[in-house]
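Encoded as structure tokens, the structure appears first; notes follow it.
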Amino acid sequence: MMRAALIPAAVALAGVLASSEPRPFRPVTDATLKSPSPNDWIAWRGTSRSDGYSPLTQITRANVAQLQPVWAWTMEPGTQQATPLVYDGVMYLPNPGGILQALDAGTGDLLWEYRAAAADTPRSTGVARGLALYADKVFMSWGADVIAVDARTGKEVWRAAAADRDKGFRLAAGPVAAHGTIVVGLSSCGRFIEEKCAIVGFDAATGKERWRTPTIAGAADAGNATWGNVDPLYRSGTEMWISGSYDPDLNLVYWSTAQAKPWTRFARGTDGDALYSNTTLALNPDTGRIVWHRQTLPGETHDLDEVFESVLVDAGGRASLFKMGKMGILWEIDRRTGRILHASDLGFQNLVMVDPATGAVRYREEKLPKPGQPMDLCPGSGGVRNWPSMAYSIQTRTFYVPFMTACATQTFTDVEKRPGGGGLGMGPMQWYLPPRSEETLGGLMAIDASGKVLWQHRTRAPFSTAALATAGGLVFAGTYDRHFFAFDAKTGQVLWQVRAPTSVQGFPISYGVRGRQYIAMPAGTGGSMLEPGRLERLIPDVPRPRAGNTITVFALPR
């Protein structure tokens, strides 16, 4: 094990803007996205399969202890959960505040910077979780808008509204490029208004809206009966705050939704399934047509949503989609048909019973909330896992999942039904660690496709990054208390670690430039898996700085 020190601040200062002459740029095509260079990290989770896996092998179990920082960059202040993209030696880095920067991925020198106009600052900007690349453009979400920026110069090409931000809508997840369409999913959809959450597709070249697919069934839709007698005006929720995936062979985009709102069945006024909440939707990106949908938690009633990443895996002759929500249930779904192939309950939750063969879910009667009555929930609404994504290693055929073990005593309340209103229906909440946690809140686990746990690494503080798996037999992930680890992918042994200036937070990536493999580590603040202040009360002995967004890049010595 090696404990490294970060490079001095003077070294972290990147160079001046490059000359006005843009670098040569190879357009990103459908073929590029389908079979990217192993040196590139071309989509939110590496590729459109969302597996968080790098095929690079220069950094291995044998030499990872030699990793050293080679450059760093200070990012803008604000809530930070960034995923940089890398293509042809250029890093595209989203910053808080509608700022996009292009850096030389080998040196950290700034090539160009785009800033959304200050006058256009939305009331709630959310976080910049991802970008998309297609043709000669970088696509970013900002407020409720999608912005296309010239990848060579940083100049804005087009800007299109996915929704009216004055009605509270915003985009909390990055776009997905699919067959010439830029696909986004709306968030902040909890108000009782006529407009509903939707998945929206834009023409990548012009920004023209191609289609819009609502994610709440209306009165004339096939799923209307799943909302019971609830007036369509009072149907809300089904946000999408995590990006989707894309299968170019099937030409299907997979996008998952969060829970219905208000959170509880009694506050919504129905025991129905409430489509399309907690659902994975498979859509044709050319038309927006729903080819199939699979709801994994029908009628969910505790704010334990299934919105997270869809990992596309080909193994055993099956084209599968794997996902895991806040309950800690690993779902395997046939990505051609939407049929559940297997469900693996990891044993962290005490709210539902799951049939592993069919995926059928039944709530325990005593765990259905009642107005104003405190109840114990495992997990609490932060979930067994949250936005820090799992990774899948094609090499080991294993999933690597950041997880938490916080339970809660929680009270739920009713919500007034009035036009323009809305609400969650959450009353007082008290978090606690279950006895079996041994005073550890977080951990990283390795599980196979059947849900068998192969190893666990438990930590006092939660993991606050996604997992990154590499073909060098390694898994990288970082924690709230500023540690960034490299694990042996097969055994879970810690082989290397470094301490960051603040929480290691966001989505680590690996890429290659001029024959050298790099590991990029984002760090920052905001965006906790638990509500502000509650994490500090659970682990008061684990302080951290409250400011400072950076990205630090590591490599082996030359």
Side-chain angles (χ1 to χ4, degrees), residues 28 32-56 81-87 91-94 127-134 138-141 172-178 182-185 240-248 252-256 280 306-314 320-325 330 335 385-402 444 463-471 474-478 489 505-511 518-522 527 551:
V28 177
T32 310
L33 291 173
K34 181 178 179 180
S35 300
S37 164
N39 292 313
D40 295 333
W41 192 272
I42 204 167
W44 168 61
R45 294 296 290 141
T47 69
S48 59
R49 303 176 72 88
S50 297
D51 53 17
Y53 175 77
S54 170
L56 296 177
Q81 295 172 15
T83 309
L85 301 187
V86 174
Y87 177 63
M91 176 181 289
Y92 301 95
L93 180 63
V127 294
R129 288 198 181 96
L131 303 167
L133 282 167
Y134 192 75
V138 188
F139 302 90
M140 60 183 285
S141 301
V176 170
I182 302 304
V183 186
V184 294
M240 289 146 283
W241 45 278
I242 297 292
S243 295
S245 304
Y246 175 55
D247 184 332
L252 290 177
V253 172
Y254 305 95
W255 216 289
S256 296
T280 299
E306 297 277 308
V307 73
F308 305 109
E309 68 283 348
S310 297
V311 182
L312 310 186
V313 175
D314 295 322
S320 296
L321 180 156
F322 285 87
K323 68 185 306 91
M324 182 187 295
L330 181 68
R335 67 175 187 265
R385 52 80 46 101
N386 208 284
W387 63 261
S389 299
M390 62 183 176
Y392 176 76
S393 170
I394 299 170
Q395 180 188 62
T396 63
R397 297 186 180 182
T398 299
F399 294 92
Y400 301 94
V401 188
L444 182 74
F463 278 80
S464 49
T465 73
L468 164 66
T470 75
L474 298 166
V475 179
F476 294 86
Q505 181 165 293
F507 297 83
I509 70 168
S510 184
Y511 62 91
Y518 297 86
I519 304 293
M521 176 196 76
I551 187 162

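Not counting sequence neighbours, Y246 has no partner by the ring pair (Phe, Tyr, Trp, His ring centres under 6.0 Å) test. Evaluation of the ring pair (Phe, Tyr, Trp, His ring centres under 6.0 Å) rule for W44 yields F507 as partners, not counting sequence neighbours. Not counting sequence neighbours, the partners of T47 by the side-chain contact (heavy atoms from CB on, under 4.5 Å) test are P36, R49, D51. Applying the salt bridge (charged side-chain N to carboxylate O under 4.0 Å, His left out) rule to R335 yields the partners D247, D314; only residues at least two apart in sequence or on another chain are considered. Not counting sequence neighbours, Y134 has no partner by the ring pair (Phe, Tyr, Trp, His ring centres under 6.0 Å) test. Scored by the ring pair (Phe, Tyr, Trp, His ring centres under 6.0 Å) test, Y511 finds Y518 as partners (sequence neighbours excluded).
Once rounded to the nearest 0.5 Å, the distance linking CD1 of I182 with CG of L133 reads 9.5 Å. Atom CD1 of I519 and atom CZ of F476 lie 4.0 Å apart (nearest 0.5 Å). Separating the OG atom in S510 from the CG atom in D40 is a distance of 11.5 Å, to the nearest 0.5 Å. In this structure, NZ in K323 is found 10.0 Å from CG in L312, a value given to the nearest 0.5 Å. In this structure, the separation between CZ on F308 and CH2 on W241 is 4.0 Å, given to the nearest 0.5 Å.
The shortest distance between side-chain heavy atoms of F139 and V184 does not fall below 4.5 Å. For the pair P84 and I551, the minimum side-chain heavy-atom distance is below 4.5 Å. Residues T280 and S256 form a side-chain contact, since some pair of their non-hydrogen atoms from C-beta on lies under 4.5 Å apart. No side-chain heavy atom of L56 sits under 4.5 Å from any side-chain heavy atom of T470.
Between the R385 side chain and the M324 main chain, a donor and an acceptor come within less than 3.5 Å of each other. Here the side chain of Q395 pairs a donor or acceptor atom with the backbone of A471 at under 3.5 angstrom. Although no hydrogens or angles enter the test, the distance criterion places a donor-acceptor pair under 3.5 Å between the side chain of R129 and the main chain of A172. Side chain of S245 to backbone of S310: a donor-acceptor contact under 3.5 angstrom is found.
Shown here for K34 and P248, the closest heavy-atom pair between the two residues is CG-CG, 3.8 Å. In plain terms, the two heavy atoms of A520 and M91 that are nearest each other are CB-CE, 4.2 Å. The minimum heavy-atom distance linking Y92 with Y87 is given by the pair CE1-CB, 4.4 Å. In plain terms, the two heavy atoms of G174 and S141 that are nearest each other are CA-OG, 4.1 Å. Contact between A173 and S243 at its shortest, heavy atoms only, is CB-N, 3.5 Å. Shown here for P175 and A132, the closest heavy-atom pair between the two residues is O-CB, 3.6 Å.
No option in L131, L85, V86, V28 other than V28 meets the side chain to side chain contact (heavy atoms under 4.5 Å, CB included) test with I42.
Note: Y392 and F322 have parallel aromatic rings, judged against thresholds of 30 and 60 degrees for the angle between ring planes.
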Next on the checklist: As a quick check of understanding, evaluate side chain to side chain contact (heavy atoms under 4.5 Å, CB included) for S48 and L33, giving each step before the final call.
Outcome noted: CA-CA 7 Å; S48 59; L33 291 173; 5.6 Å; no
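Judged purely by distance below 3.5 Å, without hydrogens or angles, the side chains of E309 and S389 pair a donor atom with an acceptor atom.
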